Number of protein chains: 2
Amino acid sequence: MKKTTRPSGWGAVGVLQTISPGDYHVTVVATDTYTTFTPLLPSAAVGTVSVRSLVEPVRKLIARLHGHFVQGKAIDIVMSERLLEVETTSPDGTKTNLYIPYDKIVIAVGSSSSTHGVPGLENCFQLKTIGDAQAMRRRIMDNFEAASLPTTTPEERKRLLSFVVCGGGPTGVETAAEIYDFCQEDIAKYFPKICREEVSIHVVQSREHILNTYSEAISKFAEDKFKRDQVDLITLARVAAVTPTHVLYTVKNAEGKTEQHSIPTNFVLWSTGIAMNPFTARVSSLLPNQVHKKAIEVDAHLRVKGAPLGEVYAVGDCSTIETSLLSHFLQLVEESDKDKNGKIDFGEWEDMVARIKKRVPMAEDHLFKVRELFQLYDSDADDSLSLNELLKLLEEIGNRITSFPATAQVSAQQGKYLGKKLHKLAKASQSRERDPEAAATGTDKRAATNMRALADEAVSGPFRYLHLGSLAYIGNAAVFDFGKYSFMGGLIAMYAWRSVYWNEQVSARTRALLMIDWIVRGIWGRDLSRI
Amino acid sequence: MKKTTRPSGWGAVGVLQTISPGDYHVTVVATDTYTTFTPLLPSAAVGTVSVRSLVEPVRKLIARLHGHFVQGKAIDIVMSERLLEVETTSPDGTKTNLYIPYDKIVIAVGSSSSTHGVPGLENCFQLKTIGDAQAMRRRIMDNFEAASLPTTTPEERKRLLSFVVCGGGPTGVETAAEIYDFCQEDIAKYFPKICREEVSIHVVQSREHILNTYSEAISKFAEDKFKRDQVDLITLARVAAVTPTHVLYTVKNAEGKTEQHSIPTNFVLWSTGIAMNPFTARVSSLLPNQVHKKAIEVDAHLRVKGAPLGEVYAVGDCSTIETSLLSHFLQLVEESDKDKNGKIDFGEWEDMVARIKKRVPMAEDHLFKVRELFQLYDSDADDSLSLNELLKLLEEIGNRITSFPATAQVSAQQGKYLGKKLHKLAKASQSRERDPEAAATGTDKRAATNMRALADEAVSGPFRYLHLGSLAYIGNAAVFDFGKYSFMGGLIAMYAWRSVYWNEQVSARTRALLMIDWIVRGIWGRDLSRI
């Protein structure tokens, strides 16, 4: 039996799409009854696409697997007993908890927004769910309607037409760009009392540049575009507080003194990074060697570190693959120090590199110059690495590895990887059951135990991420980042890229609905209906 | 200048679609920013069509007319000063009132649901707006999810899967049928823990039959269908109260004694007829000769009775065309009693019939046997009608005329009729302005005054309703009622009829979106996503 918790994300969908009917008894636990195509939430928030196109009911996903769905919130886990505690809410609001037993559990509960301790975030929107997008859309439309009223004062009008985005990542940048497009294309046409110039859009970013996880070229393209569009870009700024009517932020002036500023506004989007949600924090707290502050640490096989092996997995934004090599130090030395002399010579080092690559595939990029690395850290030039020298080497390489970004692309690939592996484990376990020789050993014939006994390593290599490129949609243009290559183009480039990317990840229904949305938008314009 | 208030209905849309740019300075006052295609709300409530397809932003409708939109609620009118009082709400909830001056005003504010004084209606849904349909949809999905939880007791499960509709009109019947279809088609597939037999659907109707405004054949067809489908039809029943968990109703048993029953449920739709909303009641109370309890009375030209002539119109559910002939009695006698002898001879009666038909076109059906009618009421057989005999004749004919039903079809036709007339009035007034002779008379050249001075009768006949047939959608079948003809058919018949009917009334966008909805539903099934 296998459980997945809160699959509004890509990780869970990937798992559910990849395993086969009959592999497991599947039960999905989630608070929402549908999954969401999150990368287009900024477009939905402005009415460019319809929210219906972005959702896929969980029950349709699991019907193929003859699975079950429990609408509820995972609140605790007892790993020794293999029980998940779920809180359900009856229609009258009464909460009832139940335990769901599992053989394997996939945690795919996503993340919350990082608050950075800023007061007043209840006055902000977040953009994690369909409900968020709908609420944003209503507020945007309400602001334009209220600004159009003859009873609105000029000052209030200015505030209503001011839109603030805190955070210069893809979500923030795309939302700012969508609002800009909306103003360009629809405000002039349908709100004759509002001049385009009265609308102000502000992006507050703590770093020096926006889209700083992208290439420099893309970051610059986006900044230039915002400059041309008169989107107010405020960098190196810290949001101090958000009130119902203002955003307060501080910047350092030329003399290094902190200056406080405020923007009157009735729309603030908060998108400054991710944090753990309560269930993730609970899982993390239960395990002694979980030290990461923002996510559950998993190994390269996506197994939760410290949990019973082969029983607890985590994918998507709620997880992070460990990048430290130090935790493998002792074992690596034991395995590779063939002559047990407490020193690693070059032959042993080559062996160790192979072992590292297997355990932490993300280290690969930093290990390809095997000889140079060896010489570099062999500070006493004795043609072997002392344990101290090795420790330093592993630590520095570990620091250089960056964990995967919290994107839909990573989540989807992790989900599919895990689904395929779980399918293989089920198949292997079933054939072992049918195998008379294995049966003859007779110690434990239950499929579930067989399955647990089977090591992940036996059926699958570690997870490897294939970067298909990142895309940010900036004002009817797209910037695209693929490793060392990046390009900026118009809508057609974006659609071409998206069609490739989405074929991988999105259902035929979603693709069809989005296609329809674009056609409808092309003919009749954005949806202004505020529903 | 012309104003329309709350055009979520068909009447206002009809007016806005029919007048031409430049005819008037148009301002639309409404609480919602979009209009709704109400006949499909029951389908939207169950996810058969998407809500997006049913709405049309007001701002898109008025863009063609270069009109203005004020989001607010009409709360009062000062007809002597030609001022409409509107309440606007700022984003922080502050209410501000403003007066909007008008030359002509069209009241198209629709209706509320009739409560019949039943306590507990806050526990019911109504189905008037998109918001209502969305709330119903969420409740339906929540009920099925909660019923699927392992923590739900069998008793509670029965209550959650019980759906009650109060009212056997088209809205109630269509909703019950939609819920039935949903259970037949989707529940079995996607809710494996729920048996179709556990779901119960109840229709409580105060009369002997459902769809009693339709032909008998149709009413019977619907009742037989419900019987086959095991939809629980409770006729001649009065709802006594609705509690958060039950519907209480009374029926008379065979001995004529009143029995009380109750149905445990978590879903109650209240659709038992219409009542005045506060603005309609206010308008009605301001005018002495408005006696109708459910709507504003208008004359055959859709002018509000008792209001300054040619300034105040009402269309749609908020209005009713007067059917009484008695109010015309004195004037009719004066005009037709040529010889002023206080008696109406047959020649004078023929003249009078022509005048009646002009003023109250709905009387036509009851006046076609002119000679027989005359003889019937000429009780003293003196070959003329005394005023007493005439009074009796007019009263009885008046009673036989039924006012138009509160349907989208009537509203749309009224809107288009009024729009065409307003357009002609504008044109006539403009040409009068340009006419040098009229200008030379020099008394009042202002277009607005000219316009008011022009009688509606000069440019247009009275409103005539062309019945295009009524349609009720009952469980994947349609029953269709066109005067003496009626037929029942499957989906294809319904679509054929709808395409004819809708071409008249619905925008190309709505038609396209609905077509897409049906295709999407055909391929991927109903939307289960609860958004």
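All of these numbers come straight from a predicted model, not from anything done at the bench. So you know, we letter chains A, B, ... as the sequences are listed, proteins then strands, and number each from 1.
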Does some side-chain heavy atom of B:Thr33 sit less than 4.5 Å from a side-chain heavy atom of A:Met141?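 A side-chain contact under 4.5 Å is absent here.
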
Please flag which part of A:Ile62 lies under 4.5 Å from any non-hydrogen atom of chain B: side chain, backbone, both or neither.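 A:Ile62 has no heavy atom closer than 4.5 Å to chain B.
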
Spacing of CD belonging to A:Glu145 relative to OG1 belonging to B:Thr89, to within rounding of 0.5 Å: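 So the gap between those two atoms works out to 12.5 Å.
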
Leading residue by heavy atom contact count with chain A [cutoff under 4.5 Å; candidates B:Val70, B:Val86, B:Thr88]: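 It is B:Thr88.
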
Given a strict heavy-atom distance threshold of 4.5 Å, which part of [X] is in contact with chain A: side chain, backbone, both, or neither?
{"X": "B:Ile523", "answer": "neither"}
{"X": "B:His66", "answer": "neither"}
{"X": "B:Lys60", "answer": "both"}
{"X": "B:Pro244", "answer": "neither"}
{"X": "B:Glu56", "answer": "neither"}

Ignoring hydrogens, what is the shortest heavy-atom contact between [X] and [Y]? Give both atom names and the distance.
{"X": "B:Pro192", "Y": "A:Gly67", "value": "CG-O, 4.2 Å"}
{"X": "B:Lys189", "Y": "A:Ala63", "value": "O-CB, 4.4 Å"}
{"X": "A:Gln71", "Y": "B:Leu149", "value": "O-CD2, 3.5 Å"}
{"X": "B:Arg59", "Y": "A:Phe191", "value": "NE-CE2, 2.9 Å"}

I'd like to know which of A:Ser90, A:Pro91, A:Ala512, A:Ala146 tops the heavy-atom pair count under 4.5 Å against chain B.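 Between A:Ser90, A:Pro91, A:Ala512, A:Ala146, the count favours A:Pro91.
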
Show, in sequence, the C-alpha distance, side-chain angles and deciding distance for B:Asp517 and A:Arg52, and conclude whether the side-chain contact (heavy atoms from CB on, under 4.5 Å) test is met. CA-CA 11 Å; B:Asp517 277 352; A:Arg52 180 193 57 166; 2.7 Å; yes

May I ask you to check whether over 12 heavy atoms, not counting those of B:Glu122, lie within 6.0 Å of atom CD?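 Yes, enclosed.
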
